[in-house]
Amino acid sequence: MTLTPAHIDSPSVWTDARLLYALEEVVEKELNRHLKVAKDWMPHEYVPWSDGRNFPGFFEDGEAWGKEQSKVTEVGRIALVVNLLTEDNLPSYHHEIASLFGRDGAWGTWVHRWTAEEGRHGIVMRDYLLASRAVDPDKLEQFRMSHMSEGFESDNRHSMLHSIAYVAFQELATRISHRNTGHQSGDPVCDRMLARIATDENLHMVFYRNLLKAAFELAPDLTMQAVRDVVVNFRMPGHGIPGFERAAAQMAIGEVYNMRIHHDDVLQPVLRFLKIMEIDGLGPEGLKAQEELGLFLGGLDAEARKFDEKLAARKARMAARAAG
């Protein structure tokens, strides 16, 4: 389905519609690969139902939530709320990608399959949080209503290439955030649940990453510009959550997600796979984007180094206080 002549990299040639058509075979191939390796799992099997008890309201024996009931750490509780509220916006995410990719053919099959798999994540996380009393259920619901009532519009909804580039990084970022939340949660049950979710997110990343690689083969200049734009302006989809900035700062200090993690564990693995700095044959705009991407990564690494130093100093101060 490659358009003729091949590798014509011009906005007048590569419209979103033409790229969707040209990438259809790749989507079908990646969809079939995904379905072979993805394993079905049951959300209810990861929830400690025996820990559950009634909350106040309609039940006379309802027990109000208290922080002392939670098994998870403070940073774990913060990250769990952010991660779940991000998952809660699935209807908006589905609308975004269905509008961009369509509902027909291999693209449509993938859109619906992805949505169904992602739906499990919100189900199991909420059930775990309520059964284990890990977070304040009233505040969680208030946050959900506030966040979802605002809706969601992707920064990259204007372009299919930008959207593919974004989700290639964002799916990996979500995987890392879930996995590190599990590690920092202090609860083996939570860790096991989030490890299962992270496995899904990794498979989703592989799908989009491979699709991005195919886009580079078709339209290298435009794809390089899309990657540059996405990396430089990257924001997590939960940035609209109430109190997100403060929560993000606490998650950074708690080593759930910070600049160093973003640079080393999210951006670099995808860019290395794509061999982004080794791509040649680019036109002027593609070369400019490649150069700007390299400069940005160097600056981000320097900023991450400064953050590492501050974090190490903070740990040293806390250790000194504990020892004294």
Pair up each side-chain donor or acceptor in residues 75-85 with any protein partner under 3.5 Å, not counting sequence neighbours, and list the distances.
{"from": "R77", "atom 1": "NH1", "to": "S70", "atom 2": "OG", "distance (Å)": "3.4"}
{"from": "R77", "atom 1": "NH2", "to": "E74", "atom 2": "OE1", "distance (Å)": "2.3"}
{"from": "N83", "atom 1": "OD1", "to": "S177", "atom 2": "OG", "distance (Å)": "3.1"}
{"from": "N83", "atom 1": "ND2", "to": "A79", "atom 2": "O", "distance (Å)": "3.4"}
{"from": "N83", "atom 1": "ND2", "to": "H178", "atom 2": "ND1", "distance (Å)": "3.4"}
{"from": "N83", "atom 1": "ND2", "to": "T181", "atom 2": "OG1", "distance (Å)": "3.1"}

Using distance only, find each side-chain donor-acceptor pair of residues 231-251 under 3.5 Å and give its atom names and separation, not counting sequence neighbours.
{"from": "N233", "atom 1": "ND2", "to": "D229", "atom 2": "O", "distance (Å)": "2.9"}
{"from": "R235", "atom 1": "NE", "to": "D155", "atom 2": "OD2", "distance (Å)": "3.1"}
{"from": "R235", "atom 1": "NH2", "to": "D155", "atom 2": "OD1", "distance (Å)": "2.9"}
{"from": "R235", "atom 1": "NH2", "to": "D155", "atom 2": "OD2", "distance (Å)": "3.3"}
{"from": "R235", "atom 1": "NH2", "to": "H239", "atom 2": "NE2", "distance (Å)": "3.4"}

Distance-only donor-acceptor hits, side chain of residues 303-311, under 3.5 Å, sequence neighbours excluded:
{"from": "R305", "atom 1": "NH2", "to": "D301", "atom 2": "OD2", "distance (Å)": "2.9"}
{"from": "D308", "atom 1": "OD2", "to": "R260", "atom 2": "NE", "distance (Å)": "2.8"}
{"from": "D308", "atom 1": "OD2", "to": "R260", "atom 2": "NH2", "distance (Å)": "3.3"}

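From T174, atom OG1 reaches atom CG of D200 across 12.0 Å, with rounding to the nearest 0.5 Å. For the atom pair F216 CZ and I279 CD1, the distance stands at 4.0 Å (nearest 0.5 Å). K139 NZ to F143 CZ: the interatomic distance, rounded to the nearest 0.5 Å, is 6.5 Å. Of the inter-residue distances, the one linking I164 atom CD1 with L100 atom CG reads 9.0 Å to the nearest 0.5 angstrom. Between the CZ atom in R120 and the CG atom in L90 there is a gap of 12.5 Å [rounded to 0.5 Å].
Taking the six-membered ring for Trp and the full ring otherwise, the centers of F101 and W110 sit at least 6.0 Å from each other. Separation of the W114 and F207 ring centroids does not fall under the 6.0 Å cut-off.
Around CG of D104, the count of heavy atoms belonging to other residues, nucleotides or ligands within 6.0 Å does not exceed 12. With a 6.0 Å radius and a threshold of 12 heavy atoms from other residues, nucleotides or ligands, M145 has its CE atom at or below the threshold. Under a cut-off of 6.0 angstrom, the local environment of NE2 in H95 is sparse, with at most 12 non-hydrogen atoms contributed by other residues, nucleotides or ligands.
Pairing each heavy atom of L161 with each of A215, the nearest pair is CD2-CB, 3.7 Å. The nearest pair of heavy atoms linking N54 to R133 is O-NH2, 2.7 Å. For V111 against G102, the heavy-atom pair with the smallest separation is CG2-O, 3.9 Å. Of all heavy-atom pairs spanning W107 and E24, the tightest one is CD1-OE1, 3.0 Å. In this structure, L23 and A214 approach most closely via the heavy-atom pair CD2-CB, 3.9 Å. Nearest heavy atom pair, residue I123 against residue P43, reads CG2-CB, 4.1 Å.
Both cation-pi conditions hold for R209 and F273: the charged atom is under 6.0 angstrom from the six-membered ring centre and inside a 45 degree cone around its axis.
There is no path of hydrophobic side-chain contacts, each under 4.5 Å, that joins F55 to M125. V167 and V26 fall within a single hydrophobic cluster, where Ile, Leu, Val, Met, Phe, Trp and Tyr are joined by side-chain heavy atoms under 4.5 Å apart, directly or via other members. Taken together through direct or relayed side-chain contacts under 4.5 Å among Ile, Leu, Val, Met, Phe, Trp and Tyr, L31 and L203 form parts of separate hydrophobic clusters. F296 and I276 end up in the same hydrophobic cluster when Ile, Leu, Val, Met, Phe, Trp and Tyr side chains are linked at under 4.5 Å. At a threshold of 4.5 Å between side-chain heavy atoms, the hydrophobic network of Ile, Leu, Val, Met, Phe, Trp and Tyr places L300 and F169 in one connected group.
Proximity of a side-chain donor or acceptor of N156 to a complementary backbone N or O of S163 within less than 3.5 Å is not detected. Proximity of a side-chain donor or acceptor of S132 to a complementary backbone N or O of P48 within less than 3.5 Å is not detected. The backbone N or O of S154 lies less than 3.5 Å from no partner atom in the side chain of Y93, so there is not a single donor-acceptor pair. Without hydrogens or angle criteria, D221 side chain to G283 main chain gives a donor-acceptor distance under 3.5 Å.
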Next on the checklist: Show, in sequence, the C-alpha distance, side-chain angles and deciding distance for L297 and L271, and conclude whether the side chain to side chain contact (heavy atoms under 4.5 Å, CB included) test is met.
Outcome noted: CA-CA 11 Å; L297 291 169; L271 296 175; 3.5 Å; yes
Item to check | salt bridge (charged side-chain N to carboxylate O under 4.0 Å, His left out) between R157 and D16, worked out | outcome: CA-CA 11 Å; R157 62 189 180 279; D16 276 3; over 6 Å; no
Next on the checklist: If you apply the rule side chain to side chain contact (heavy atoms under 4.5 Å, CB included), what do you find for R175 with L172, and how did you get there?
Outcome noted: CA-CA 5 Å; R175 173 210 164 191; L172 183 52; 3.7 Å; yes
Next on the checklist: Determine whether D191 and R179 satisfy the following criterion, side chain to side chain contact (heavy atoms under 4.5 Å, CB included), listing intermediate values before the conclusion.
Outcome noted: CA-CA 7 Å; D191 191 28; R179 200 67 196 93; 2.8 Å; yes
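By the salt bridge (Lys or Arg N to Asp or Glu O under 4.0 Å) test, R144 is found to be paired with E141, residues two or more places apart in sequence or in another chain being considered. Not counting sequence neighbours, the partners of H112 by the side chain to side chain contact (heavy atoms under 4.5 Å, CB included) test are H94, R103. Shown here are the side chain to side chain contact (heavy atoms under 4.5 Å, CB included) partners of A168, two or more places apart in sequence or in another chain: Y208, L212.
Taking the charged nitrogens against the carboxylate oxygens, E117 and R113 do have a contact shorter than 4.0 Å, which makes a salt bridge. Checked for salt-bridge contact, E45 and R196 miss the test: no charged N lies under 4.0 Å from a carboxylate O. Look at R126 and D88 and you find a salt bridge, because one of the NZ, NE, NH1 or NH2 atoms lies within 4.0 Å of a carboxylate O, short of that distance.
Neither side chain, E150 nor S146, offers a donor N or O lying under 3.5 Å from an acceptor on the other. Side-chain contact check for N89 and H147: at least one donor-acceptor pair (N or O, by modelled atom type) lies under 3.5 Å.
Relative orientation of the H204 and H34 rings is tilted, given thresholds of 30° and 60° on the angle between their planes.
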